[in-house]
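A note on names: the letters A, B, ... follow the listed sequences, proteins ahead of strands, and every chain is numbered from 1.
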Number of protein chains: 2
Amino acid sequence: MTETAVESAATESKSQQAYAAVKARIIEGTYTPGYRLVLAKIAEDLGFSVVPVREAIRRLEAEGLVKFERNVGATVAGIDPTEYLYTMQTLSIVEGAATALSAPLIDPATIARARAVNQEMRECLEHFDPVRFTALNQDFHSVLFEHCPNPHILDLVHRGWNRLASLRSSTFRFVPGRAQESVREHEALLQLIESAADADTIEKAARQHRAATLDAYLATTN
Amino acid sequence: MTETAVESAATESKSQQAYAAVKARIIEGTYTPGYRLVLAKIAEDLGFSVVPVREAIRRLEAEGLVKFERNVGATVAGIDPTEYLYTMQTLSIVEGAATALSAPLIDPATIARARAVNQEMRECLEHFDPVRFTALNQDFHSVLFEHCPNPHILDLVHRGWNRLASLRSSTFRFVPGRAQESVREHEALLQLIESAADADTIEKAARQHRAATLDAYLATTN
DNA sequence: GTCATAGTTTTCGTATACGATTTCGTACTC
DNA sequence: GAGTACGAAATCGTATACGAAAACTATGAC
């Protein structure tokens, strides 16, 4: 479920390849926030010309991963705490909605898989492996969203995740105190889904799950 | 508040101009869904070369207004009823959230302005002016969102609106029966905001306001 | 009359080239 | 020593050009 680096078949356009390559580098942390993305340099690294690279960068800009300034250039976006707040708040809303929409379509087997992921997360806590924990956290929700009936909302969720991923090596980090609660909330969420709770209850729980992490962050800064 | 056609100052990059121009044409209905956007042709129309046009089209694709297929070309997106459902559902969620977030920041003067817009909408109903009604409807919500504290969510709202606008001349239309209810719901919403109702109540009302239109549409097709 | 096939045309995809703008470094002035 | 002005370098923005893929059309076989 981890994103493979993808040196995809030549059937993909170069702009597509450039997009995937730069995006991967941002998400995996090679290019950290503030890193200057010089078109010519990236083009040379990837082995093709600037036009497709430029297109890729603009696409990343549309997703909020890159900040582009006219006649100046592109940089990896966003260490701004305000931006973090916006992203988390938005994510809280769309994740809540995605969970509520998906819940009625989740079968017991899927619940079991999600529970297995959550169990792994518990183990990560014991061995203190925050990187894997974060990845699993995303996997957990991905499992829940597998049958999400609205791809638009799912897309918004993914965009939010990407944004957060790009902030990985910045000031916004894994909060140890939250992690244990997070695992507990996951289990509570699964039980709500199993018991076919009404959409509203599930949405609130899922929303709160994300919002609590934001609150934990805000608490550390105030 | 209506979008002026904008033959903006030459201080804007051509790709930016192309983006605005094509977007405007889609939203105003010159390019209807299915219309084929040939890069070379648009470039010639606008008086510059294909590269910036290409970039503009890709940007519009990211916003969902255009569908782009490798080695085939671009067409104006989306008359698909499914797509309409996704968009409306998403819009219901993000508008609900935007309204709830904005509500505490709305002052009496703003309420008054919103009410004035709503009054105009009532008059539009009497003269049967659906085009203006639709525009005013957007204005109404724009007024409410003026102080929305989360620009990301506001951006999602605008994207949804643009998508809907692009569908204007398609099968999804002004539903006369809904319009009267819509005006009533606007007033109810204003009263909730005035009375400082809790965020949850406001969010539900705003969400339902959009969802009801979707339901009305679905009722006509079933 | 329908289907398959080959050739033509259209259109996209990307490389290269050059002009425009910004930035950075240096020298000069106060 | 601080600030400003000028020039050089870096980088972006767009035009043009050509190769590649797909779509269209016409021709022929069954």
What donor-acceptor contacts under 3.5 angstrom involve side-chain atoms of residues 36-51 of chain B, with partners at least two apart or in another chain?
from  : atom 1 : to    : atom 2 : distance (Å)
B:R36 : NH2    : B:V72 : O      : 2.9
B:S49 : OG     : B:V51 : N      : 3.4

Per-nt protein contacts along nucleotides 5-16 of chain C (heavy atom under 4.0 Å; B base, S backbone sugar-phosphate only, - none) come out as ------SSSBBB

State which residues pass salt bridge (charged side-chain N to carboxylate O under 4.0 Å, His left out) with [X]; sequence neighbours excluded, sorted by chain then number.
X	result
B:R25	none
A:K23	A:E63
A:D155	A:R159
B:E120	B:R132

